[in-house]
Structures are given as C-alpha cells and as structure tokens.
Amino acid sequence: MGAALYIVLERDLPTGYAAMDGKALARHADRLAELAQQAGVPDLMTFCSFDADDDLFEEFDIEPEPTVWHPASAGLTTIRALLTAIAAAGLEPEQAQWVQEDLQVAQTILEQAEQLGIQWYLAVDF
C-alpha cells in the first residue's frame with residue numbers, strides 16, 4: 001500500500017470534494033522537496049501537521065502538538081510551482097503523470113478552499 005499525503009480542511013467544502021490519492025506525492029516527496037527548493041517555494045512537507053484529537057496520541061501516551069493550519073493560498077503557491085517544474089523533473093513519464101494528477105487534485109481542492117477562506121494542512125496516511 002505505502003504512505004500517502006492528503007489534504008485536511010478545517011471544514012468541509014460545499015461540494016464535498018476533498019479526496020485525493022496522494023501516494024505519488026509521498027513516493028516522490030524527496031524529489032518534490034528539491035523542486036520546491038529550486039523554485040524558491042516552501043516544500044509540501046512544510047504544510048504537514050497532525051490532528052491533535054487523533055486517538056493514536058492517547059494510545060501511545062504522547063502529548064500532541066497543536067494542529068497547525070495554513071492558508072490555502074500558501075499551498076497553492078507551492079503546488080503551482082511544482083506543477084510547472086514536474087515536467088522537467090526527470091521522472092519516468094508514468095510516475096510524472098501520477099504526481100501531476102495528485103498535484104492537480106490538490107490544486108482543485110485548495111482553490112475551492114481559498115475562495116471560501118478555509119485553511120488546511122497536509123497529513124500523512126501510513
């Protein structure tokens with residue numbers, strides 16, 4: 001199965017559309033971080049946070065950090081830069097397509113969130 005990155009919104013979109021696969025983003029996170037650095041934008045992982053109410057923290061008796069929310073516009077800056085850079089990134093065409101698809105879905109979600117003033121964070125599913 002593998003890890004996946006996905007968007008968590010502070011509230012639902014009216015369309016209900018906020019699902020993404022995110023496996024390609026997780027698989028190529030290191031390369032995407034390099035591309036973000038080259039483009040002068042924050043790395044996607046900068047936007048990672050955790051749900052402080054997750055039962056996992058209680059299960060392992062860990063004190064969670066507060067959830068960090070980000071404006072959609074900040075994520076859009078990174079995603080748009082990565083969409084531009086991914087074509088020249090040197091990934092195999094099939095891999096590049098999967099990364100582009102994940103980024104395009106993320107862009108669609110964050111564009112809707114930005115219009116509605118909804119904040120977000122990036123989460124990791126293992």
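Sequence positions, counted from 1, serve as the residue numbers for this chain.
Pairs of residues two or more places apart, or lying in two chains, that qualify as side chain to side chain donor-acceptor pair (under 3.5 Å) and include a residue from residues 89-98 are H28-Q95, Q97-E101.
Taking hydrophobic clusters as Ile, Leu, Val, Met, Phe, Trp and Tyr residues chained together by side-chain heavy-atom distances below 4.5 Å, L5 does not share a cluster with V68. Criterion: ILVMFWY side-chain heavy atoms under 4.5 Å apart, direct or through other members. Under it, V99 and M20 are part of a common hydrophobic cluster.
Of the inter-residue distances, the one linking L32 atom CG with L44 atom CG reads 6.0 Å to the nearest 0.5 angstrom. To the nearest 0.5 Å, the span separating CE on M45 from CG on D30 amounts to 9.5 Å. Note that CD1 of I109 and CG of L9 are 7.0 Å apart. Values are rounded to the nearest 0.5 Å. Interatomic distance, OH of Y6 versus OH of Y121, reported as 6.0 Å (0.5 Å rounding).
For R11 against G117, the heavy-atom pair with the smallest separation is NH1-O, 4.2 Å. Nearest heavy atoms, I118 versus A72: O-CB, 3.9 Å.
More than 12 heavy atoms of other shown residues, nucleotides or ligands fall within 6.0 angstrom of atom CG in D21.
Side chain of E10 to backbone of Q119: a donor-acceptor contact under 3.5 angstrom is found. Looking only at distances, a side-chain donor or acceptor of W120 sits under 3.5 Å from a matching main-chain atom of P71.
Using a 4.5 Å cut-off on side-chain heavy atoms (C-beta onward), I86 and L35 make contact. Side chains of F50 and V8 form no contact here, defined as non-hydrogen atoms less than 4.5 Å apart.
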Which atom pairs, donor and acceptor, lie under 3.5 Å between side-chain atoms of residues 74-85 and protein residues at least two apart or in another chain?
| unit_1 | atom_1 | unit_2 | atom_2 | d |
| --- | --- | --- | --- | --- |
| T77 | OG1 | S73 | O | 3.1 |
| T78 | OG1 | P42 | O | 2.7 |
| R80 | NH2 | E111 | OE2 | 3.2 |
| T84 | OG1 | R80 | O | 3.1 |

Inset, instruction - Go through the steps to decide whether L116 and L13 satisfy the test side chain to side chain contact (heavy atoms under 4.5 Å, CB included), and finish with yes or no. - result: CA-CA 8 Å; L116 299 167; L13 295 172; 4.1 Å; yes
